[in-house]
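Scope of the values below: all heavy atoms of this structure, side chains included, with no hydrogens, waters or symmetry mates. Note that this is a predicted model, so its numbers are computed, not measured.
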Amino acid sequence: MKESYFGEALAAVKTLGVGLKTTMKEYFTAKSTEQYPENRKTTLHISKRHRGRLVFKRNADGSYRCTACTLCEKACPNGTIKILSEMVTTDDGKKKRVLRDYQYDLGDCMFCQLCTNACNFDAIEFTNDFENSVFDRNSLVLHLDKEVYKGGSLPGLIDGGAPIEIGKFNTKY
C-alpha cells in the first residue's frame with residue numbers, strides 16, 4: 001500500500017539529507033593527488049600485472065622465441081597481430097617456417113591477453129610500460145621481431161615503479 005503524500009515528502013527529505021551529509025563529508029576530507037608527469041620518476045607505482053604493450057621474449061643470445069606458428073594471430077579477436085612467414089628448406093632437407101615480420105598494432109589492441117595465452121612457445125608477453133602516446137597513429141604499429149625491448153622510459157617500471165604502501169597515496173604532497 002502506498003504511503004501518504006506527507007510520508008513520501010518526508011522520505012524525499014530524508015534521502016536528500018543523506019546525500020547532503022555524504023557530500024559534505026567528502027568535501028571536507030583531505031584530498032591527495034598523484035602529481036603526473038612531474039613526480040612519475042619518484043612516486044608513480046604501476047602494478048606488475050598491468051598490460052601496457054606486447055613485447056617479444058628473447059633467449060640468452062638475443063634471438064626471439066617465436067616460431068611463426070600464427071596461433072597468436074588466430075587468437076586475436078580484432079586482428080591486431082599480423083604475421084608474415086615463409087617456408088624455407090634447411091641444410092638437412094627439412095622444411096621450416098621462418099618469421100619475416102611480426103606486426104603488432106598497439107593502437108587497436110584490446111589488451112585481452114588471448115595472444116599470450118595461445119602462444120605455446122612463451123614467445124610474447126605484456127609489459128607494464130604504459131607511456132605510448134604519439135602524434136601519428138602509424139607510430140603505434142610495432143614490428144616486434146625487429147625491435148629489442150629494453151624497458152620503459154621510467155626507471156624500475158618493469159618491476160612496478162616506486163614502492164607502494166598500502167593505505168597511503170604515493171605522492172609527495
Point to revise | Full working for side-chain contact (heavy atoms from CB on, under 4.5 Å) between Val148 and Arg58 | key: CA-CA 8 Å; Val148 177; Arg58 301 279 175 163; 4.0 Å; yes
Review point. Phe121 and Cys66: side-chain contact (heavy atoms from CB on, under 4.5 Å), yes or no, with the steps?
Key: CA-CA 7 Å; Phe121 302 98; Cys66 183; over 6 Å; no
Practice item. Determine, using ring centers only, whether Tyr149 and Phe56 are less than 6.0 Å apart. Key: no
Practice item. Might you work through the side-chain contact (heavy atoms from CB on, under 4.5 Å) test for Leu54 and Leu106, ending with a clear yes or no? Key: CA-CA 8 Å; Leu54 193 67; Leu106 180 63; over 6 Å; no
Practice item. Taking side-chain hydrogen bond (donor to acceptor under 3.5 Å, both in side chains) as the test, write out the residues that go with Asp122, two or more places apart. Key: Lys57, Arg65
Study note, to complete from the structure: The reported gap from CG in Leu144 to CG in Leu142 (rounded to nearest 0.5 angstrom) is 6.0 Å
Review point. With a 4.5 Å limit on heavy-atom distance, are the side chains of Asn120 and Leu71 in contact?
Key: yes
**Study point:** Residue list, side-chain contact (heavy atoms from CB on, under 4.5 Å) with Asn138, at least two apart or on another chain
**Key:** Asp136
Review point. More than 12 non-hydrogen atoms from neighbouring residues, nucleotides or ligands closer than 6.0 Å to CG on Asp92, yes or no?
Key: yes
**Study point:** Summary of side chain to side chain donor-acceptor pair (under 3.5 Å) pairs that have at least one residue in residues 13-29, sequence neighbours excluded
**Key:** none
Review point. Which pair of non-hydrogen atoms, one from Ile83 and one from Cys72, has the smallest distance, and what is that distance?
Key: CD1-SG, 3.6 Å
Review point. Could you give all pairs that pass the salt bridge (charged side-chain N to carboxylate O under 4.0 Å, His left out) test and reach residues 93-113, with sequence neighbours left out?
Key: Glu86-Arg100, Asp101-Lys146, Asp108-Arg137
Check your understanding: CG of Asp145 to CG of Leu99: how many Å apart, nearest 0.5 Å?
Key -> 5.0 Å
Revision key, fill the gap. When rounded to the nearest 0.5 Å, the distance separating CD1 of Ile81 from SG of Cys119 is 9.5 Å
**Study point:** Ser63 versus Asp61, side-chain donor and acceptor atoms under 3.5 Å
**Key:** yes
Revision key, fill the gap. The side-chain hydrogen bond (donor to acceptor under 3.5 Å, both in side chains) partners of Glu125 (sequence neighbours excluded) come to none
Study note, to complete from the structure: The reported gap from CZ in Arg51 to CZ in Phe111 (rounded to nearest 0.5 angstrom) is 10.0 Å
Check your understanding: Any salt bridge (charged side-chain N to carboxylate O under 4.0 Å, His left out) pairs touching residues 71-83, not counting sequence neighbours?
Key -> none
Check your understanding: Is there a side-chain contact (heavy atoms from CB on, under 4.5 Å) between Tyr104 and Cys115 once you walk through the steps?
Key -> CA-CA 11 Å; Tyr104 165 63; Cys115 56; over 6 Å; no
